[in-house]
Undergrad: 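This is the structure, below, for whatever I ask next.
Letters go in sequence order (proteins before strands), and every chain restarts at 1. Computation of the quantities below employed the complete heavy-atom set of this structure, encompassing side-chain atoms and omitting hydrogens, waters and symmetry-equivalent molecules.
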2 protein chains.
Amino acid sequence: MLYKESHILILNNVSKFIDLTELEKQKYLSLLTKISIKRKSFLMQAGDITSYEYFITKGCLKVYTLDDDGAPHISMFAVEDYWTGDMASFMTKEPTRYFIKATEDSELLGISRANYELLFQEIPKFERFYRMLYQKSLISYIRRSNHGISLTAEERYIEFKTKYPNIVNRITQKDLAGYIGITPEFMSKIITKVNRR
Amino acid sequence: MLYKESHILILNNVSKFIDLTELEKQKYLSLLTKISIKRKSFLMQAGDITSYEYFITKGCLKVYTLDDDGAPHISMFAVEDYWTGDMASFMTKEPTRYFIKATEDSELLGISRANYELLFQEIPKFERFYRMLYQKSLISYIRRSNHGISLTAEERYIEFKTKYPNIVNRITQKDLAGYIGITPEFMSKIITKVNRR
DNA sequence: GAAAAAAAATGAACTAGTTTAAGACTTTTA
DNA sequence: TAAAAGTCTTAAACTAGTTCATTTTTTTTC
């Protein structure tokens, strides 16, 4: 069977953890919705109740909250082969506190809450897939939550650059500051300092 | 069937997400190892390759790393009804960077790597249990990793006190500082300031 | 229950990161 | 392609949090 490029990407992602038969692949793909989104538009805004989780097949999006002073705090950049969304709102049906905005024209595959539940009934192997996906994410978020309180801003910047060299060049310095957790002004100083070496 | 108190605790924890038959319960319990650990002794030290994940049935433990200057950074306090361990080392068999030390005499139930894998074969429902457990943990670690970079130390302290009122009284101010990500001296100042209100 | 060890409080001098403001540079839009 | 909007840089004054040193209080140990 010949698949579209975006479908190949998501099937490869799934195959990192579980094997699917041709029939299961087709069933799985039938539960997904293709979404195109223009640069600068929103996939989600604070207050929304989100009914989808998303897999990025093309582009880049930023996931962030706004604090009381209106300053953005970026929790992740989602690029090709990443999953994103607000799991808390997806699970509890409570309004999200997140904004998700495309920083490039992007293409996603979404799975709705209903289809997510259906998926486990139809192909129980997906419990394993998500168990392993969440386990892996958990390891990196535990790491990140420790680094947020134990590393200096400069150390966090160097870590980000090393870990995601491909993402650094696709985002603005201002957004990077929002991810590292500092002001754009101080981000500018750090970058000047680190590059001077 | 009559169960030991510690077994009731862990079965209740599991039943938050999945239902087990009597036979499955007994099978599950047979895969667990009971561990007793004295205050001030280590469940795990940096460099160990950990082969267990742990459920706490009694007591309190702190999970932490030491930075280059030897300062401790506490990533969680594990009390009754919590799961702990180093998932990264448990999964990859690489040496851990964590220490886990009992702050009270404690009792745990451990599941070995071999039995963890066996569990999924014998009772596939456990894929679902761990999928949901990890999903829930993920939500709170995403939150924590954002708060680490976006809140002040005082705000993080107030959040911790509100979220875990039962834990605050069981740990030292010094350990709390290690969790909040500040020095014990500054922790002391914050507590004096907040309590003065 | 006394001695030792660890934790907590306090203060002064310091550093990492913020705020505000202004000018230069780059990207977007009409 | 010019104007507008947004991003980046620099610098001075400020604040949150650290470091170091000392004293007091609490907990542990024998």
Undergrad: Grab the CD1-C1' distance between B:Ile191 and C:dA8 for me, whole Å please.
TA: 9 Å

Undergrad: Given C:dA12, C:dT18, D:dT28, which nucleotide is nearest the side-chain atoms of B:Arg39?
TA: D:dT28

Undergrad: How close or far is atom P of C:dG17 from atom OH of A:Tyr157, stated in whole angstroms?
TA: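 Checked: the OH to P distance equals 15 Å.
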
Undergrad: Could you give the NZ-to-P distance, from A:Lys189 to C:dG17, as a whole number of Å?
TA: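 Rounded to whole Å, this separation is 11 Å.
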
Undergrad: Would you kindly say whether A:Glu185 and A:Ser188 are connected by a side-chain donor-acceptor distance under 3.5 Å?
TA: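 Looking only at side-chain atoms, A:Ser188 and A:Glu185 do not form any donor-acceptor pair under 3.5 Å.
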
Undergrad: Would you say B:Gln173 reaches C:dA6's phosphate, i.e. side-chain N/O to OP1/OP2 under 4.0 Å?
TA: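 Answer is no, no contact under 4.0 Å.
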
Undergrad: Distance check needed: D:dG17 C1' versus B:Glu155 CD, whole Å only.
TA: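 The answer, rounded to whole Å, is 14 Å.
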
Undergrad: Closest nucleotide of DNA chain D for B:Thr183 versus for B:Lys40: which of these residues is on the 5' side?
TA: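 It is B:Thr183 whose nearest nucleotide is closer to the 5' end.
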
Undergrad: Does the pair A:Asp105/A:Arg39 count as a salt bridge with the N-to-O cut at 4.0 Å?
TA: no

Undergrad: Among the nucleotides C:dA8, C:dT18, D:dC8, which one has an atom lying closest to any side-chain atom of A:Lys174?
TA: D:dC8

Undergrad: What's the closest nucleotide to the side chain of B:Phe186 if the choices are D:dA16, C:dG17, C:dG11?
TA: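 Nearest listed nucleotide: D:dA16.
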
Undergrad: Give the rounded distance in Å between these two atoms: CG of B:Asp175 and C1' of C:dA7.
TA: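 That distance rounds to 10 Å.
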
Undergrad: Between C1' on C:dT18 and CD1 on A:Ile190, what's the gap in Å once rounded to a whole number?
TA: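 After rounding, the reported distance stands at 12 Å.
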
Undergrad: Check this for me, if you would: do B:Glu24 and B:Lys125 make a salt bridge, where the nitrogen-to-carboxylate-oxygen distance has to be below 4.0 angstrom?
TA: yes

Undergrad: For B:Ser188, report the nucleic acid contact type (base, sugar-phosphate, nothing); a contact means any heavy atom under 4.0 Å.
TA: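 Answer is base: heavy atoms of B:Ser188 come under 4.0 Å of a base.
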
Undergrad: Closest approach to the side chain of B:Ile182, judged atom by atom: which nucleotide of D:dC8, C:dG17, D:dT18 is it?
TA: D:dT18

Undergrad: Please give, in whole Å, the distance from D:dT28 P to B:Lys38 NZ?
TA: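 After rounding, the gap between these two atoms is 14 Å.
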
Undergrad: If you only use heavy atoms from C-beta on, which nucleotide in D:dT9, D:dG17, C:dG17 is closest to the side chain of B:Arg156?
TA: D:dG17

Undergrad: Is B:Asp81 salt-bridged to B:Lys16, cutoff N-O under 4.0 Å?
TA: yes

Undergrad: Centre-to-centre under 6.0 Å for A:Phe90 and A:Tyr116, is that the case here?
TA: yes

Undergrad: A:Ile149 has an atom CD1; how far is it from atom C1' of C:dA16, in whole Å?
TA: 17 Å

Undergrad: Side chain of A:Glu185 only, please: which of C:dT20, C:dG17, C:dG11 is the nearest?
TA: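 Selected nucleotide: C:dT20.
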
